[in-house]
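Comments concern the structure below.
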Amino acid sequence: MTERASQRVLTGITTTGTPHLGNYVGAIRPAIKASLEPGVESFFFLADYHALIKCDDPDRIERSRLEIAATWLAAGLDTNRVTFYRQSDIPETPELTWLLTCVTAKGQMNRAHAYKAATDANLAAGEDIDANITMGLYSYPILMAADIVLFNAHRVPVGRDQVQHIEMARDVAQRFNHLFGRGKDIFVLPRAEIEEDVAMLPGLDGRKMSKSYDNTIPLFDGGAKALKEAVARIVTDSRLPGEAKDPDSSSLVTIYDAFASAEQKASMRADLRAGLGWGDAKQRVVELIESHVGPMRARYEDLMAHPEHVEDALMAGAAKARTIAQPLMHEVRQAVGLRKMVAVPGAKSSKAETTKQALPVFKQYREADGRFHFKFSAADGTLLLQGGGFTEGRESGQLIKRLKTEGIAALQGALVEVLAPLPQVEAALSALAAHDA
Ligand code: TRP
């Protein structure tokens, strides 16, 4: 493995759905922050090929890609520092996926969580084990492995549910290195990185904020009005204004904390203990979130109104990404034997100088008396036969031809002196015949 000054950090964002406040706090904001650390080279991409596994509605695919790209850009992603691209703009990714597929154990894919969950659900429902399961779902971890190793990423920040996939990527990369690396590592072995200290934002009902619980607060959708309405629906206890409240058992406070400074956190707590009403507290929450999200929303709306700017940014990102992917893929193709048809080791060569040293050789010459002679030498130069004395060059040529085709049988009655053991002569003649064949 070549040592690089910087560590490559790569992560994919599956482009399904519209980002909500929980995605921003739990994934987008920390990833952008991490990308600004010195000594890291970050790669963020829209995993739109992965999105196709879960979604066959072209309009939703299109919209989600745009919304997610615009969200990351509006949230402050710096495309000069980060390589930001779409998976589907990198043709090397599906190309590498196939080469990795050829070295991936089927049994290992049988154990992948997403596939296992689907087969378990089928069995529980009394269905065929593979009912409604596509090859896309089945091979999902191999596509993901290609995403990662194509850029020789060292670290892959992911949620817990993805750790197994990163381990599979590591395994596949290791197998590939072993099979084709010839002592050199073609791929870096990636490590999963779980963001332990990232805030997990509660939703309206206090459970984790998630689209599947239908408890989300929108990030940009619906503007300030929708934000205000969602915050109004956050569940609180029924204490009235003037009653002391427990800030530590309130998801409203947890959401506030995700945006608050230390001072703001402290005064919110003190005020709730002193009887601040939930309605007033919610007003503070809306104002605080809006102060962070408002400027981003303006950028987001501008990008959504100009998708061509998003397109340009992504195409520039793809070009940057491919300056890494193309040479690596070239190396990989070489390694597996998909090479240009030149200089193939072990095959016939048309270059005389390469055959000369390796093969026995007939040499014809003419003596001072005008007669034609020949010598036959082994590959190592040992003189094996010496013959001739023909008046016509043609006769010498014919005998050589017979020796080549008939072997030592042609020595019978010929004007030839045998200078080495016959088996040695025979071996040399057949080596020559095999070459000429
Ligand atoms: N499967 C990941 C998810 O659903 C997204 C993803 C695709 C990804 N390719 C990746 C994440 C490569 C990290 C690295 O979250």
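Note that the numbering runs from 1 along the sequence shown for the chain. When a ligand or atom number is given, it counts from 1 through the structure's own listing order.
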Distance from atom 11 (C) of ligand 1 to nearest protein heavy atom, with residue and atom:
G12 N, 3.3 Å
Say whether T16 and T14, considering side chains only, have a donor N or O and an acceptor N or O under 3.5 Å apart.
no
Regarding E67 and T18, do their side chains bring together a donor and an acceptor under 3.5 Å, going by distance alone?
yes
Of the side chain and backbone of I148, name the one, both, or neither that has a heavy atom under 4.0 Å from an atom of ligand 1.
side chain
Region of F43 engaging ligand 1 - heavy atom pairs below 4.0 Å
neither
Ligand-side contact atoms (ligand 1) for residue partner [X], heavy atom cut-off under 4.0 Å:
{"X": "V156", "value": "13 (C), 14 (C)"}
{"X": "Y140", "value": "1 (N), 2 (C), 3 (C), 4 (O)"}
{"X": "V158", "value": "13 (C)"}
{"X": "A47", "value": "7 (C)"}
{"X": "T14", "value": "2 (C), 3 (C), 4 (O), 5 (C)"}

Fit a plane to each ring of F180 and F176, take the angle between them on a 0 to 90° scale, and name the class: parallel (under 30°), tilted (30 to 60°) or perpendicular (over 60°).
tilted
Around atom NE2 of H330, are there more than 12 heavy atoms from other residues, nucleotides or ligands closer than 6.0 Å?
no
Going by heavy-atom distance to atom 10 (C) of ligand 1, choose the closest among H165, M144, Q162.
M144
Please give me the minimum heavy-atom distance between R170 and L189, naming the atom from each residue.
NH1-O, 3.5 Å
Quick one: does D147 get an N or O within less than 3.5 Å of an N or O on ligand 1?
yes
Measure from NZ or CZ of R322 to the centre of the six-membered ring of Y85 and say whether it is under 6.0 Å with the direction within 45° of the ring axis.
no
Rounded to the nearest 0.5 Å, what separation is found between the CD1 atom of I324 and the CD atom of E41?
6.0 Å
